[in-house]
*Asks:* 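First the structure, then my questions, so here it is.
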Amino acid sequence: MPLHQGPQASPPTHERRLALNPFFGEANPVGGMTEAPPRHRLPDGPLPPMSAYQLVHDELMLDGNSRLNLATFVTTWMEPQAGVLMAECRDKNMIDKDEYPRTAELERRCVAMLAQLWNAPDPDSAVGCSTTGSSEACMLAGLALKRRWSKRNADRYPASARPNLVMGVNVQVCWEKFCEFWEVEARLVPMEGDRFHLDAESAAALCDENTIGVVAVLGSTFDGSYEPVAEICAALDALQERTGLDIPVHVDGASGAMIAPFLDEDLVWDFRLPRVSSINTSGHKYGLVYPGVGWALWRSPAELPEELVFRVNYLGGDMPTFALNFSRPGAQVVAQYYTFLRLGREGYRTVQQTARDVARGLAERIEAMGDFRLITRGDQLPVFAFTTAPDVTSFDVFDVSRRLREQGWLVPAYTFPAHREDLSVLRVVCRNGFSADLADLFIEDLKRLLPELRRQPRPFTHDKDAATSFHH
């Protein structure tokens, strides 16, 4: 299906247009109202700003309520002061570091803060950058892994050697995109039984002389569980002792890298492990910033090949840049710095602990209903997945998702990947702003729906692929 498809063919004489209400906004109630802008081509002339605003605003009212979206990991609430700062910086191009030196300095400070948070051996020498999100950060980390491998194997690549990347089948789709875009073989470890993510033994077993790295996910989007980063590194240490293969690890901490440092301080997953060469996170997830910012950090300059860093001088200074994107607003980076400054370690710890408490409490109450079986309990990421109990035959998770949507709740239902396609689950993401009171309302609505669902003769979902989509 095309990414963006124009309107389907319709009689040209009945071309649909946007309608202007004669007594709503700045429209003239006694005017002829003969002008209405088309939907799928540029209008012939301008509209008053209020009319243009109202047309767009009214259509967007049909979107879901982001605060009730329990599918997304992305931040849906920030303080008004953060919004003001973002508005003040939305016209600043992040790439113009010479023109906006203070914005660039705030980015540098954020990198330094993350390097310390993730226990870089020398935070002052760790290198990193902001990105548009974790997807871009993962692409950059993957490129660094591939380039380092290709330099070590210059005598074999690209003539005979094909690089591969080892990861669990549960990775975010950006890693599959990376492998496809940059011609890297994706070696995916399937799920088995009650193991829903990568394990150390399977990771090491798939590595060979063409492996550019192993991706360990700190917080799987499928169920909220942490992958055992330290165990994976230990298995690769043992592999190096046996074979001489030195396989680096990248930690995809899109969510968990902003949870574990505050709530799981004894968990060793970061740069304390010498084999971890790079880490990414999403500032716009549990970094608590509106969509549009991610971070990629490398242990030291040695992990980021210099030839991948480009220098531009036509903007008014010699500026290094390592990004897939170029122009982007500085607003989200400023908002990230504001949030770091505003909360500090203790503030982040309190916010993340509250999200975890809400997730664990909600999971326990859902389990107590008797109709559902928990897959995870929200005790790692503030995220949990659950499915219907074995004796439930009248409805399935897709029925539950559809009925909850009628109440405004957006809860994804989806089937797990290979080899657990038999398992379909619902997943709840608890973010800052999803309070204990909202959790109570969610439980009340779910309890209200259950009697009807129990009376169904069978599950009503015929096409599970079309039933509800899985949003990361």
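Only a predicted model underlies this, so the values are computations on that prediction, with no experimental measurement involved.
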*Asks:* Under 6.0 Å from the CD atom of Q116, do we count more than 12 heavy atoms belonging to anything else shown?
*Replies:* no
*Asks:* Please confirm whether the backbone N or O of H197 pairs with a side-chain atom of S220, one donor and one acceptor, at under 3.5 Å?
*Replies:* no
*Asks:* Could you tell me whether the side chain of S278 reaches within less than 4.5 Å of the side chain of V251, counting heavy atoms only?
*Replies:* no
*Asks:* Stepwise, does the salt bridge (charged side-chain N to carboxylate O under 4.0 Å, His left out) test hold for E452 with R403?
*Replies:* CA-CA 10 Å; E452 281 188 55; R403 293 302 308 275; 3.4 Å; yes
*Asks:* Taking Q407 for the side chain and D445 for the main chain, is one N or O donor matched with an acceptor at less than 3.5 Å?
*Replies:* no
*Asks:* Heavy-atom distance under 4.5 Å between the side chains of L450 and M369, does that happen here?
*Replies:* yes
*Asks:* Using the benzene-type ring in the case of Trp, are the ring centres of F442 and W409 under 6.0 Å apart?
*Replies:* yes
*Asks:* Do H284 and Y290 have side chains that approach each other closer than 4.5 Å (heavy atoms only, starting at C-beta)?
*Replies:* no
*Asks:* H57 vs Y53 aromatic rings, parallel, tilted or perpendicular, using cut-offs 30° and 60°?
*Replies:* parallel
*Asks:* A quick test of your reading: do over 12 heavy atoms of other residues, nucleotides or ligands sit less than 6.0 Å from CZ of R454?
*Replies:* yes
*Asks:* Does L60 CG have over 12 foreign heavy atoms under 6.0 Å away?
*Replies:* yes
*Asks:* Apply salt bridge (charged side-chain N to carboxylate O under 4.0 Å, His left out) to the pair E105 and R109, showing each step before the final yes or no.
*Replies:* CA-CA 6 Å; E105 168 62 14; R109 292 179 194 175; 2.9 Å; yes
*Asks:* Looking at every non-hydrogen atom in both residues, tell me the closest pair between A439 and L362 and how far apart they are.
*Replies:* O-CD1, 3.9 Å
*Asks:* With side chains defined as the heavy atoms from C-beta onward, is the minimum distance between W175 and V217 less than 4.5 Å?
*Replies:* no
*Asks:* More than 12 heavy atoms of other residues, nucleotides or ligands under 6.0 Å from CD of E180: is that the case?
*Replies:* no
*Asks:* Just grab all the side-chain hydrogen bond (donor to acceptor under 3.5 Å, both in side chains) pairs involving residues 354-367, residues at least two apart or on different chains.
*Replies:* D264-R356, Q353-D357, R365-D440, E367-R377
*Asks:* Taking the side chain as C-beta and beyond, is there a heavy-atom pair between L423 and R420 under 4.5 Å?
*Replies:* yes
*Asks:* Do F416 and F222 make the cut of ring centroids closer than 6.0 angstrom?
*Replies:* yes
*Asks:* If we ignore hydrogens and angles and just use 3.5 Å, is the side chain of Q456 paired with the main-chain N or O of F395 as donor and acceptor?
*Replies:* no
*Asks:* Is E183 atom CD crowded by more than 12 heavy atoms from other residues, nucleotides or ligands, each under 6.0 Å away?
*Replies:* no
*Asks:* Counting heavy atoms not belonging to E59, are there more than 12 under 6.0 Å from its CD?
*Replies:* no
*Asks:* Sorted by first residue and then second, give each salt bridge (Lys or Arg N to Asp or Glu O under 4.0 Å) pair with at least one member in residues 330-350; sequence neighbours left out.
*Replies:* E79-R342, E265-R349, E346-R349
*Asks:* Measure the acute angle between the ring planes of W298 and F322, then classify it against the limits of 30° and 60° as parallel, tilted or perpendicular.
*Replies:* tilted
*Asks:* Are Y338 and V289 side-chain neighbours, meaning at least one heavy-atom pair lies under 4.5 Å?
*Replies:* no
*Asks:* Would a 4.5 Å heavy-atom cut-off, applied to side chains only, mark F73 and L381 as touching?
*Replies:* yes
*Asks:* Do the side chains of L106 and Y100 get nearer than 4.5 Å, heavy atoms only?
*Replies:* no
